[in-house]
Amino acid sequence: MFIPLHDRNALKHIRRQYVTFGLILTNVAIWAFTALLPENVTDAAVVGLGFIPAVSLDYAVLPADLELVPSEATALTYAFLHRDLLHLGSNMLFLWVFGDNVEDALGHVRFLVFYLLCAVAGAIVHALVVPASPAPLIGASGAISGVVAAYVLLHPKVRIWVLVLFRFPLPLPAFIPLVFWIGQQFFLLATDHDSNVSWGAHVGGICAGAILVIFMRRRGVPLFDRTIVTPKAVQHEVTTPPVAMPRSFAEQRKPVHWGR
């Protein structure tokens with residue numbers, strides 16, 4: 001178990017990660033607003049805006065007073081609801097650490113589309129895993145999982161500070177904790193069938209993020225931290241003895257500079 005704290009990975013194409021900021025502020029604002037509502041109203045919002053596989057696949061029908069948006073729209077709205085501060089904080093921390101560099105690689109608009117598509121993919125895989133479930137799915141973890149997958153494909157060698165076992169801060173190459181985390185999601189999807197955590201949503205987001213980043217990144221942005229090296233001009237040293245020449249010619253000769 002690890003918690004990401006910080007990465008030293010400067011932005012190269014954008015000045016600020018405005019979409020990442022906006023997504024974090026939106027999630028925090030929605031959570032703060034729902035936290036102020038009476039509990040029964042919050043529960044109704046979770047049912048009406050959360051993604052319910054049984055409803056989306058026509059195994060069940062919501063009461064009319066709880067149907068706040070079309071069932072298809074809940075594949076997006078669920079990603080902006082969180083049950084408690086820990087649920088919200090963990091998702092937003094991952095988005096804060098990794099979202100800026102993915103946004104940098106994709107651009108503002110494409111990153112927003114990427115984020116939403118990963119959320120939808122998380123909902124789809126969740127529905128495939130538990131198609132008749134009447135329980136609402138909420139939380140941004142499907143979208144965040146896509147961001148994590150994109151980051152590890154873009155910057156596996158960048159060192160990130162992580163808190164290992166909740167107590168040991170360590171700088172590690174990104175691929176070590178992130179590949180471990182991704183593998184853990186697939187393992188838990190296959191073995192943990194009783195948890196309230198939707199491992200299917202995580203895996204759906206991971207798969208979508210890994211595929212989409214390949215096609216949505218800016219032209220020229222490399223994968224796996226590969227860089228294009230432009231060779232500089234090579235200055236050759238003269239190893240042969242100088243040839244004697246008339247003094248007047250030598251005084252007039254100027255040095256040659258190789259163009260870069």
Side-chain angles (χ1 to χ4, degrees), residues 4-31 51 72-82 87-126 137-160 174-175 177-179 181-182 185 201-228:
L5 300 175
H6 175 67
D7 70 335
R8 294 184 177 180
N9 196 358
L11 300 177
K12 301 175 180 64
H13 304 283
I14 60 176
R15 296 184 61 184
R16 294 287 186 275
Q17 58 272 37
Y18 295 117
V19 175
T20 299
F21 287 148
L23 288 170
I24 292 173
L25 290 175
T26 300
N27 278 278
V28 171
I30 291 174
W31 177 82
F51 177 78
E72 296 82 5
T74 61
L76 284 175
T77 56
Y78 86 95
F80 294 91
L81 299 173
H82 294 84
H87 188 201
L88 172 73
S90 59
N91 279 334
M92 294 304 102
L93 178 60
F94 271 72
L95 181 56
W96 171 257
V97 174
F98 303 118
D100 58 340
N101 294 110
V102 179
E103 181 177 348
D104 186 49
L106 272 62
H108 301 303
V109 175
R110 278 180 289 184
F111 176 67
L112 178 59
V113 174
F114 168 89
Y115 183 91
L116 297 177
L117 288 177
C118 289
V120 172
I124 291 173
V125 175
H126 174 72
L137 170 69
I138 61 173
S141 55
I144 302 302
S145 297
V147 172
V148 170
Y151 189 97
V152 78
L153 285 179
L154 291 167
H155 305 296
K157 301 175 185 177
V158 169
R159 288 191 173 270
I160 60 175
F175 77 90
L178 297 187
V179 169
W181 182 85
I182 289 171
Q185 309 313 300
H202 292 189
V203 167
I206 290 168
C207 294
I211 295 171
L212 289 172
V213 71
I214 297 173
F215 300 100
M216 295 184 71
R217 60 198 165 105
R218 297 173 187 269
R219 181 176 298 180
V221 170
L223 297 174
F224 308 113
D225 284 326
R226 292 178 300 178
T227 56
I228 301 174

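Just so it is clear, the values below take in all heavy atoms, side chains as well, and ignore hydrogens, waters and symmetry mates. Everything numeric in this text was worked out from a predicted model, so none of it was measured.
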Worksheet entry | Distance-minimising heavy-atom pair for Met216 and Leu106 | O-CG, 3.7 Å

Worksheet item: Between the side chains of His155 and Asp225, is a donor N or O closer than 3.5 angstrom to an acceptor N or O?
Response: yes

Item to complete: Please report the shortest heavy-atom distance between Ala121 and Gly204, naming the atom on each side.
Response: CB-O, 3.6 Å

Discussion item. Looking at every heavy atom in both Tyr151 and Ala174, which two are closest together, and how far apart are they?
Written reply: CE2-CB, 3.9 Å

Discussion item. Once rounded to the nearest 0.5 Å, what's the spacing between atom CH2 of Trp31 and atom CE of Met92?
Written reply: 12.5 Å

Worksheet item: Does Val19 offer a backbone N or O that forms a donor-acceptor pair with the side chain of Glu103 under 3.5 Å?
Response: yes

Worksheet entry | Flag side-chain contact, heavy atom, 4.5 Å: Leu81 against Ile30 | yes

Worksheet, complete the sentence: Distance col, row His108:NE2 vs Thr20:OG1, nearest 0.5 angstrom, shows 9.5 Å

Fill in: Arg217 side chain reached by Leu223 side chain, heavy atoms, under 4.5 Å
yes

Worksheet, complete the sentence: Between Gly209 and Ala150, the two heavy atoms sitting closest are O-CB, 4.2 Å

Discussion item. Does the plane of the ring in Phe111 sit parallel, tilted or perpendicular to the ring in Phe114? Use 30° and 60° as the thresholds.
Written reply: parallel

Worksheet entry | Non-hydrogen side-chain atoms of Leu154 and Asn101 separated by less than 4.5 Å | no

Worksheet item: With a cut-off of 6.0 Å (strictly less than), are more than 12 heavy atoms of other residues, nucleotides or ligands near CZ of Arg16?
Response: no

Worksheet item: Going by the angle between their ring planes, with limits at 30° and 60°, are His82 and His87 parallel, tilted or perpendicular?
Response: perpendicular

Worksheet entry | Audit row: Phe98, Leu178, side chain to side chain contact (heavy atoms under 4.5 Å, CB included) steps and yes/no | CA-CA 11 Å; Phe98 303 118; Leu178 297 187; 3.7 Å; yes

Worksheet entry | Side-chain touch Leu76/Val120, heavy atoms, less than 4.5 angstrom | yes

Worksheet item: Should Val147 and Phe94 count as side-chain neighbours, where that means a heavy-atom distance under 4.5 Å?
Response: no

Discussion item. As an exercise, state the distance from CZ of Phe21 to CG of Asp100, rounded to the nearest 0.5 Å.
Written reply: 8.0 Å

Worksheet item: Under a 4.5 Å cut-off applied to non-hydrogen side-chain atoms, are Leu95 and Leu23 in contact?
Response: yes

Practice prompt. Give the minimum heavy-atom separation between Val152 and Ala149, together with the two atoms involved.
Written response: CG1-O, 3.2 Å

Worksheet item: CD1/Ile144 to OG/Ser141 distance, rounded to the nearest 0.5 angstrom?
Response: 8.0 Å

Worksheet item: Does the side chain of Val125 reach to within under 4.5 Å of the side chain of Cys207, using non-hydrogen atoms?
Response: no

Response to the item:
d(Leu112 CG, Tyr18 OH) to nearest 0.5 Å is 16.0 Å

Discussion item. How long is the straight-line distance from CD1 of Ile206 back to CH2 of Trp181, given to the nearest 0.5 Å?
Written reply: 4.5 Å

Practice prompt. Using modelled atom types only, decide if a donor and an acceptor are shared between the side chain of Arg110 and the backbone of Ala105 within a distance under 3.5 Å.
Written response: no

Fill in: Asn27 versus Phe80, closest heavy-atom pair with distance
OD1-CA, 3.5 Å

